[in-house]
Novice: 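Sharing a structure with you now.
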Amino acid sequence: MSAATALIADDEPLLRERLAACLVRLWPGLRIVAQARNGREAVDLFDEHQPDVAFLDVHMPGLSGVQAAQALRGRTQIVFVTAYEQYAVTAFEQGAVDYLVKPYDDERLAQTVARLQERIAVQAIQPAGGAEAQAAQLRLDGVLAQLADTLRQTAPARPWLQWIKASVGPSVKLIPVDEVAYLKSDEKYTLVAWTGGEALIRKPIRELADELDPDRFVQVHRSVIVNLHHVTQVVRGANETAEVHLRGRADLLPVSRSYLHQFRHM
């Protein structure tokens with residue numbers, strides 16, 4: 001049996017390093033394959049490394065640990081790391097995920113390690129589509145939905161981006177975000193497609209993602225963000241992928257597996 005692997009996501013570098021050091025000491029066979037600074041980076045690194053376990057800080061800028069967990073659902077063991085006891089209780093009481101409340105000690109982390117080792121061993125011998133696995137997935141979906149709702153209710157109000165400044169020919173245009181159909185990264189630039197045309201801006205898509213209203217703009221691929229108000233339909237494809245169709249546009253935008261949950265109930 002190959003060594004277990006893990007990803008750690010926390011916006012505090014010292015806390016990431018401390019957790020990694022503690023895990024190496026308490027779980028010698030574990031390999032830390034990636035460390036992420038936020039939830040969006042965690043999803044991208046997960047797709048690259050496919051770790052067995054994801055340690056996710058609940059509160060991270062941009063994509064939260066809970067939102068990242070929704071993207072990784074069913075593909076890894078999830079452990080939330082939080083400074084807020086109420087999130088931990090909700091997650092653990094239903095047995096869907098484990099949790100660590102900061103500051104944690106070696107004894108508490110050792111309990112988490114033991115649970116993870118047991119779950120990974122059981123998962124190795126149980127069919128992925130079995131009844132027990134499906135029931136566990138339903139519990140996890142319920143916990144994540146509840147936690148996401150709690151985060152939305154407790155998050156402080158913030159002003160979302162209203163205009164995007166872009167060079168169009170010799171002039172600079174202020175594009176209302178309401179008119180933006182989608183944004184797509186293109187190496188060093190981001191393509192802004194709106195009702196009046198298209199433009200390239202230098203601002204990275206990952207920065208724009210953190211400034212846009214998440215109730216309106218959702219990431220569907222590591223390089224694509226769409227405005228839900230411009231979506232007409234989402235067509236499912238093979239291997240848990242899909243394509244987004246937009247009102248009045250011929251563009252078909254890819255939806256990767258990690259972001260398909262955004263449209264699960266559409």
Side-chain angles (χ1 to χ4, degrees), residues 7 9 11 34-49 56 59-68 70-72 152 155 157-235 237 240-263 266:
L7 173 151
D11 58 325
Q35 294 191 30
R37 297 164 295 182
N38 53 58
R40 189 163 287 104
E41 193 173 83
V43 174
D44 290 342
L45 287 171
F46 179 88
D47 286 341
E48 180 180 348
H49 297 281
L56 305 173
H59 287 84
M60 289 187 286
L63 204 69
S64 71
V66 174
Q67 291 170 311
Q70 288 176 313
L72 307 183
R152 280 194 295 269
R158 57 173 293 183
W160 300 111
L161 190 65
Q162 298 297 316
W163 305 86
I164 295 177
K165 184 165 62 175
S167 296
V168 180
S171 61
V172 175
K173 184 173 182 62
L174 288 177
I175 304 169
V177 295
D178 289 348
E179 296 182 11
V180 174
Y182 69 89
L183 302 110
K184 185 175 184 179
S185 65
D186 182 18
E187 297 181 355
K188 296 180 181 179
Y189 300 92
T190 297
L191 173 71
V192 181
W194 86 101
T195 53
E198 296 181 352
L200 289 175
I201 62 175
R202 290 184 177 272
K203 195 166 191 176
I205 199 168
R206 63 179 179 274
E207 291 184 18
L208 286 164
D210 294 339
E211 297 176 3
L212 294 165
D213 183 352
D215 289 333
R216 178 177 300 176
F217 289 88
V218 299
Q219 191 151 7
V220 297
H221 188 277
R222 66 187 304 169
S223 63
V224 181
I225 294 173
V226 300
N227 185 343
L228 291 176
H229 292 186
H230 288 253
V231 174
T232 57
Q233 63 177 334
V234 179
V235 180
E240 295 190 63
T241 60
E243 286 183 333
V244 171
H245 295 239
L246 300 167
R247 184 187 317 113
R249 304 187 70 95
D251 317 59
L252 298 178
L253 304 178
V255 182
S256 65
R257 181 180 181 182
S258 291
Y259 297 100
L260 190 58
H261 70 280
Q262 307 274 19
F263 305 101
M266 287 185 66

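The first residue in the sequence is number 1, and the count goes up from there.
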Novice: Give me the atom names and distance for the closest heavy-atom approach of Ala42 to Leu56.
Specialist: CB-CD2, 4.3 Å

Novice: Go through it in stages, so that I can follow the logic: the residues are Leu252 and His245, the test is side chain to side chain contact (heavy atoms under 4.5 Å, CB included), and I'd like the CA-CA distance, side-chain angles, deciding distance and then a yes or no.
Specialist: CA-CA 5 Å; Leu252 298 178; His245 295 239; 3.4 Å; yes

Novice: Which atom pair, heavy atoms only, marks the closest approach of Gln219 to Gln262?
Specialist: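 What the structure gives for the nearest pair is O-NE2, 3.5 Å.
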
Novice: Atom CH2 of Trp194 and atom CD1 of Ile175: how far apart are they, to the nearest 0.5 Å?
Specialist: 4.0 Å

Novice: Give the intermediate values and the outcome of side chain to side chain contact (heavy atoms under 4.5 Å, CB included) for residues Val43 and Glu41.
Specialist: CA-CA 5 Å; Val43 174; Glu41 193 173 83; over 6 Å; no

Novice: Work out which heavy atom in Arg37 is nearest to a heavy atom in Met60; give both atom names and the distance.
Specialist: O-SD, 4.3 Å

Novice: Restricting to non-hydrogen atoms, name the atom on Trp163 and the atom on Val177 that form the minimum distance, rounded to 0.1 Å.
Specialist: N-CG1, 3.9 Å

Novice: Between Lys203 and Glu211, is the salt bridge (charged side-chain N to carboxylate O under 4.0 Å, His left out) condition met? List the steps.
Specialist: CA-CA 11 Å; Lys203 195 166 191 176; Glu211 297 176 3; 2.7 Å; yes

Novice: For Ile205, run the side chain to side chain contact (heavy atoms under 4.5 Å, CB included) check against Leu191, Val224, Val192, Leu183 and tell me which one passes.
Specialist: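 Result: among Leu191, Val224, Val192, Leu183, Leu183 is the only option passing the side chain to side chain contact (heavy atoms under 4.5 Å, CB included) with Ile205.
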
Novice: Closest heavy-atom contact between Lys165 and Leu174?
Specialist: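 The pair with the smallest heavy-atom distance is CB-CD2, 4.0 Å.
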
Novice: Determine the minimum heavy-atom distance between Ser167 and Ala199, stating which atoms define it.
Specialist: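 Looks like O-CB, 4.2 Å.
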
Novice: What I'd like to find out is whether the side chain of Ile164 reaches to under 4.5 Å of the side chain of Ile201, using heavy atoms alone.
Specialist: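 Heavy-atom side-chain distance check passes, below 4.5 Å.
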
Novice: Assess the residue pair Asp210 and Arg40 against the criterion (salt bridge (charged side-chain N to carboxylate O under 4.0 Å, His left out)); give the C-alpha distance rounded to whole Å, side-chain angles, the decisive distance to 0.1 Å, and a yes or no.
Specialist: CA-CA 10 Å; Asp210 294 339; Arg40 189 163 287 104; 2.8 Å; yes

Novice: Please evaluate residues Tyr182 and Asn227 with respect to the criterion side chain to side chain donor-acceptor pair (under 3.5 Å), reporting the C-alpha separation (whole Å), side-chain torsions for both, the decisive distance (0.1 Å), and the verdict.
Specialist: CA-CA 6 Å; Tyr182 69 89; Asn227 185 343; over 6 Å; no

Novice: Under 4.0 Å between a Lys/Arg side-chain N and an Asp/Glu carboxylate O for Arg222 and Glu48?
Specialist: no

